[in-house]
Amino acid sequence: MALVVQDRTFLDVLGAEARKDLFRISAERSFRADEHLLLEQDDSSHVLVLLEGWAVVSTATDRSSARLILALRRRGELVGEMAALGGIARSASVTALGPVRALVVPGARFRAFAGRDPEVSALLMAQLVSRLRTSDEERRTLASLTVIQRVAGRLLELGELQRAASGRAGTRDTGAPGDEFPVLAQFAQHDLADAVGATREAVAKSLRLLRAAGVVRTRPRRIELIDHDALRLLAAGGNIGFPAS
């Protein structure tokens, strides 16, 4: 499962001159938590480059007001480029997950920027291929795994992303006393449901089982990961012997 493309970001790979040009043609803007950066079906064409924070890419579903989270975007990533380059309406909404700071580039300026620099064009193509590959993997996951597998896998992924953001990538959480358990702040249960393509009721049931087994602790807009080994086993299709309800 993967909501985040693990390649180096657009801004990280961009050369010094191209980066200077990008900042020259853009304006900086800040967004509050839960504020929309882009809206699905909107006909605007500007592009954003995230400088700080995380943003959620989501799309509407057939389940009334439910949304499906397609991806998470982090510092250095580009969002909104398809509308700018293709002249089409926005295919998804992008929402700030906590405070976000971003560059805003008008669509016409971004097209000119990409058109005059082969390096930028190549980066955009590589980014598109990588995102399509990640999207294909995600669709296979949603079609083949149970809800509890998806929930466990997504929690592990989000915990690892948090460790990477805090400089602890690659460290192993043992669950021993004194360990600092990862806390997924600002990520509510309905966000998790949207992120695994399941109903809120099904995800709430999975979280109740995980809480009863001592695998996670939850509070409003806060999920604490306690037992990573159990989450890994569940994500792989194993069974941890949930207590009888």
Between [X] and [Y], is there a shared hydrophobic cluster once you connect ILVMFWY residues whose side-chain heavy atoms come closer than 4.5 Å?
X    : Y    : value
V203 : L97  : yes
L85  : V47  : yes
V49  : M82  : no
V79  : V13  : no
F10  : V105 : yes

For the [atom1] atom of [X] and the [atom2] atom of [Y], what is their distance to the nearest 0.5 Å?
X    : Y    : atom1 : atom2 : result
L158 : I223 : CG    : CD1   : 8.0 Å
L103 : L48  : CG    : CG    : 8.5 Å
L22  : R109 : CG    : CZ    : 11.5 Å
R154 : I69  : CZ    : CD1   : 8.0 Å
E17  : D117 : CD    : CG    : 10.0 Å
I226 : L231 : CD1   : CG    : 9.5 Å

Donor-acceptor pair, distance only, cut-off 3.5 Å: does the side chain of [X] make one with the backbone of [Y]?
X    : Y   : answer
E119 : G15 : yes
E77  : L50 : no
R101 : E28 : no
S93  : E40 : yes
R73  : W54 : no

For residues [X] and [Y], report the shortest heavy-atom separation together with the two atoms involved.
X    : Y    : value
A18  : F113 : O-CE1, 3.5 Å
A83  : S45  : O-CB, 4.3 Å
A235 : A152 : N-CB, 3.8 Å
L38  : G80  : CD1-CA, 3.6 Å
L11  : L51  : CD2-CD2, 3.9 Å
R75  : D12  : NH2-OD1, 2.6 Å

Just distance, no hydrogens or angles: give the donor-acceptor pairs under 3.5 Å from side chains in residues 206-216, sequence neighbours left out.
residue, atom, partner, partner atom, Å
S206, OG, A202, O, 3.2
R211, NH1, T218, OG1, 2.9

List the steps, then state whether side chain to side chain contact (heavy atoms under 4.5 Å, CB included) holds for L78 with L124.
CA-CA 9 Å; L78 196 65; L124 289 171; 3.3 Å; yes

Does a side chain donor of either [X] or [Y] reach within less than 3.5 Å of an acceptor in the other side chain?
X    : Y    : result
S44  : R90  : yes
E35  : T95  : no
S130 : Q127 : no

Take V151 and L192 through the side chain to side chain contact (heavy atoms under 4.5 Å, CB included) test and state the conclusion after the steps.
CA-CA 7 Å; V151 168; L192 185 58; 4.0 Å; yes

Please evaluate residues L72 and V57 with respect to the criterion side chain to side chain contact (heavy atoms under 4.5 Å, CB included), reporting the C-alpha separation (whole Å), side-chain torsions for both, the decisive distance (0.1 Å), and the verdict.
CA-CA 6 Å; L72 294 176; V57 183; over 6 Å; no

When you check the gap from the basic side-chain N to the acidic O, do [X] and [Y] get nearer than 4.0 Å?
X    : Y    : result
E81  : R131 : yes
D21  : R116 : yes
D194 : R200 : no

Do L156 and H228 have side chains that get closer than 4.5 Å, going by heavy atoms?
yes

Min side-chain heavy-atom separation L14-V120 under 4.5 Å
yes

Using side chain to side chain contact (heavy atoms under 4.5 Å, CB included), reason through F110 and I25 one step at a time and then give a plain yes or no.
CA-CA 8 Å; F110 186 79; I25 64 173; 5.6 Å; no

Share the residues that join I88 in a hydrophobic cluster, the rule being Ile, Leu, Val, Met, Phe, Trp or Tyr side chains under 4.5 Å apart at the heavy-atom level.
none

